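Beneath this line is the structure, given in structure tokens, with notes to follow.
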Amino acid sequence: MRTLWTFVVDHRIQLLTDSYLHVSAVLQSVLIATVVAVVVGIVVYRSPWGSALATAAASIILTVPSFALLGLLIPVMGLGVRPTVTALVLYALLPILRNTIIGLAAVDPAVSDAARGVGMNRTRVLTGIELPLAWPSILAGMRVSTQMSMGILAMAAYAKGPGLGNLIFSGLNRLGSPTAVPQALSGTVLIIVLALLLDAVYVLVGRFTTPKGIRE
């Protein structure tokens, strides 16, 4: 533990920088995935076949090992941020898409009919009624995707991606040296701590953005 603490103190600037890059890459990727998944969910949620097809496509992507997907993206996009973010977006799609479809499909048709009955058009019903009611489900999907992406991003060091994975890989490659284990362990622990902090942020976001009637 003393060696670990010494490593953290001596490399605190690098750890803070890598932590920021890790969180930034994950949040940007999840945000992009959310936009894509919600749009697709809106298009297909009324169609059982469309919903099944979209969910199946996202599920297939999730079964591809991260090393394999990065290996396929590197020849096309090169090394660095682009293949990393692309892979994270693809992996983040399924939980958000599935929860978007579930959330929108669970909206009581009587509520939508009543909104149209008072003169609201389809767009206003969607943005003012259906999406707010589906928001807790969508946010739950974002939480799952974020936690998953935190771990997957560590593998992106293979593609020279940003984040704490570089610390872990560097430590594992230097096994036998005095700082190898503290280096790998500090990267691993930071990923866990940051994942828990982000999840707490999502809880707060849900509390302040979910209509009171839905929370209750």
Side-chain angles (χ1 to χ4, degrees), residues 26-73 76-77 83-153 155 195 198-199 201-203 205-216:
V26 167
L27 291 180
Q28 291 180 61
S29 300
V30 171
L31 180 60
I32 296 171
T34 299
V35 173
V36 174
V38 169
V39 170
V40 174
I42 290 171
V43 172
V44 305
Y45 83 96
R46 292 181 179 274
S47 167
W49 283 102
S51 299
L53 184 61
T55 303
S59 299
I60 290 172
I61 295 172
L62 200 59
T63 63
V64 180
S66 55
F67 275 114
L69 182 57
L70 288 168
L72 293 172
L73 293 174
V76 179
M77 298 183 172
T84 299
V85 171
T86 301
L88 288 179
V89 169
L90 292 174
Y91 282 127
L93 284 174
L94 178 60
I96 304 171
L97 175 61
R98 183 176 55 199
N99 280 31
T100 299
I101 293 172
I102 292 172
L104 289 173
V107 176
D108 189 344
V111 176
S112 300
D113 291 340
R116 283 191 290 268
V118 297
M120 296 177 69
N121 59 29
R122 179 71 187 93
T123 301
R124 288 187 63 193
V125 171
L126 176 65
T127 58
I129 304 296
E130 295 176 339
L131 281 175
L133 290 175
W135 171 242
S137 180
I138 296 171
L139 187 63
M142 294 173 64
R143 288 177 66 183
V144 173
S145 292
T146 300
Q147 298 302 301
M148 184 171 58
S149 298
M150 289 294 289
I152 293 175
L153 181 54
M155 298 295 102
L198 280 179
D199 197 57
V201 170
Y202 275 111
V203 172
V205 169
R207 182 172 182 83
F208 288 108
T209 59
T210 302
K212 186 177 180 180
I214 299 176
R215 291 203 308 267
E216 295 175 352

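Treat the numbers as computed from the prediction; the structure is a model and nothing was measured.
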- Apply side-chain contact (heavy atoms from CB on, under 4.5 Å) to the pair Leu62 and Leu90, showing each step before the final yes or no. CA-CA 8 Å; Leu62 200 59; Leu90 292 174; over 6 Å; no
- Can you check side-chain contact (heavy atoms from CB on, under 4.5 Å) on Val44 and Trp49, steps first, answer last? CA-CA 8 Å; Val44 305; Trp49 283 102; over 6 Å; no
- Query: So, do Leu126 and Leu131 sit near enough that their side-chain heavy atoms are less than 4.5 Å apart?
  - Reply: yes
- Message: Less than 4.5 Å apart, side chain to side chain, heavy atoms only: is that true for Ser149 and Ser29?
- Response: no
- For the pair Asp199 and Thr146, evaluate side-chain contact (heavy atoms from CB on, under 4.5 Å) and give the outcome as yes or no after the intermediate values. CA-CA 8 Å; Asp199 197 57; Thr146 300; over 6 Å; no
- How about Thr86 and Met77: do any of their side-chain heavy atoms sit closer than 4.5 Å? yes
- Message: Does any part of the side chain of Tyr45, heavy atoms only, come nearer than 4.5 Å to the side chain of Glu130, both counted from C-beta?
- Response: yes
- Heavy-atom distance under 4.5 Å between the side chains of Arg143 and Val203, does that happen here? yes
- Out of curiosity, Leu88 CG to Ile32 CD1, how far, rounded to the nearest 0.5 Å? 9.5 Å
- Query: Are any of the side-chain heavy atoms of Ile138 and Val38 separated by less than 4.5 Å?
  - Reply: yes
- Atom CD1 of Ile96 and atom CG of Leu31: how far apart are they, to the nearest 0.5 Å? 9.0 Å
- Query: Is any side-chain heavy atom of Val26 less than 4.5 Å from a side-chain heavy atom of Ile152?
  - Reply: no
- Item | Ile61 side chain reached by Leu94 side chain, heavy atoms, under 4.5 Å | no
